Amino acid sequence: MSEQMRMVEAVLFAAAQPISLNELKDRLPAGSDPAEALALLRIQYEGRGVVIERIGDGYAFRTAADLGFLMQAEAVEQRRLSRAAVETLAIIAYHQPVTRAEIEEIRGVSVSRGTLDQLIEMEWVRMGRRRMTPGRPATFVVTEAFLDHFGLESARDLPGLSELRAAGLLESRPAEDGLALPGTGQDDEAEEDPADPADDFFEEE
């Protein structure tokens, strides 16, 4: 039985998928009792770092439930902001407090509602005070989280175009196809349909 337990252990260890008793029976020598060998092996592994668990009709080695936290890993996915998002963020940072209409005037195109929503969700932009003008339009300003992310003490320390490229916010491409610096209004193309706000926020890989 000890030898049968070793064979069952070897099969389970090497298997990519859970192994059923019938599969164990086919693999072990004739006359073996895989059910008993498996039962004894499960007892032997109780309380250890790995245990033998039943999964459907099969059995497999798995990490002990109370040690699952050791297998967790956090990964940060870095995604480059789209041109529209970068331009909108830059205009807000350099012109704050700024209204949506003013952002559109500077960019020369309408601003997708999704772009502003995503910047707010990232906590890089927040709503500022409403203007004391007809319609009381809302303004947008950058947040402390934005300043902290880029190591800025205040908005007065905002970087220039070359520094934005070095930070990875902009691609290294000619100015006419890069960031529309505040006041240039270079982009004359309409943004994506705001009905699908996330489509134009991140660039495709």
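It should be emphasised that the depicted structure is a prediction, and the values quoted were computed from it without experimental measurement.
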*Can you list every pair that meets side chain to side chain donor-acceptor pair (under 3.5 Å) and has a residue in residues 12-34, with sequence neighbours left out?*
S20-E23
*Any salt bridge (charged side-chain N to carboxylate O under 4.0 Å, His left out) involving residues 6-18? Give me the pairs, sequence neighbours left out, ordered by first then second residue.*
E3-R6
*Could you name each residue pair satisfying side chain to side chain donor-acceptor pair (under 3.5 Å) that touches residues 52-66, not counting sequence neighbours?*
none
*Is there side-chain contact between W124 and V142, with at least one heavy-atom pair below 4.5 Å?*
no
*Is it true that a side-chain atom of E104 and a backbone atom of V109 form a donor plus acceptor pair closer than 3.5 Å?*
no
*asked:* Just so I know, are the side chains of T115 and L89 near enough to count as touching, which here means a heavy-atom distance under 4.5 Å?
replied: no
*Any ring-ring contact (aromatic ring centres under 6.0 Å, His included) pairs touching residues 98-121, not counting sequence neighbours?*
none
*By the rule that ILVMFWY residues connect when side-chain heavy atoms come within less than 4.5 angstrom, directly or transitively, which residues belong alongside L67?*
F69, L70, M71
*About how many Å separate OG1 of T88 and CZ of R100, when rounded to the nearest 0.5 Å?*
9.5 Å
*asked:* Checking R42 against E46 for the salt bridge (charged side-chain N to carboxylate O under 4.0 Å, His left out) test, could you report, in this order, the C-alpha distance in whole Å, the side-chain angles of both residues, the deciding distance, and whether it holds?
replied: CA-CA 6 Å; R42 293 186 70 182; E46 286 181 357; over 6 Å; no
*About how many Å separate CZ of F140 and NE2 of H95, when rounded to the nearest 0.5 Å?*
15.5 Å
*Summary of side chain to side chain donor-acceptor pair (under 3.5 Å) pairs that have at least one residue in residues 126-140, sequence neighbours excluded*: E102-R131
*asked:* Could you measure the distance from the CG atom of L38 to the CD1 atom of I19? Nearest 0.5 Å is fine.
replied: 11.0 Å
*May I have all residue pairs that pass ring-ring contact (aromatic ring centres under 6.0 Å, His included) and include part of residues 11-54, sequence neighbours excluded?*
Y45-F61
_Rounded at 0.5 Å granularity, tell me how far CD in E105 sits from OG1 in T99._
8.5 Å
*Give me the other members of the hydrophobic cluster that V141 sits in, counting Ile, Leu, Val, Met, Phe, Trp and Tyr linked by side-chain heavy atoms under 4.5 Å, directly or via other members.*
none
*Non-neighbouring partners of A37 that pass side-chain contact (heavy atoms from CB on, under 4.5 Å), sequence neighbours left out*: M1, Q4, M5, V8
*Sequence neighbours left out, what passes salt bridge (charged side-chain N to carboxylate O under 4.0 Å, His left out) with E123? Give chain and number order.*
none
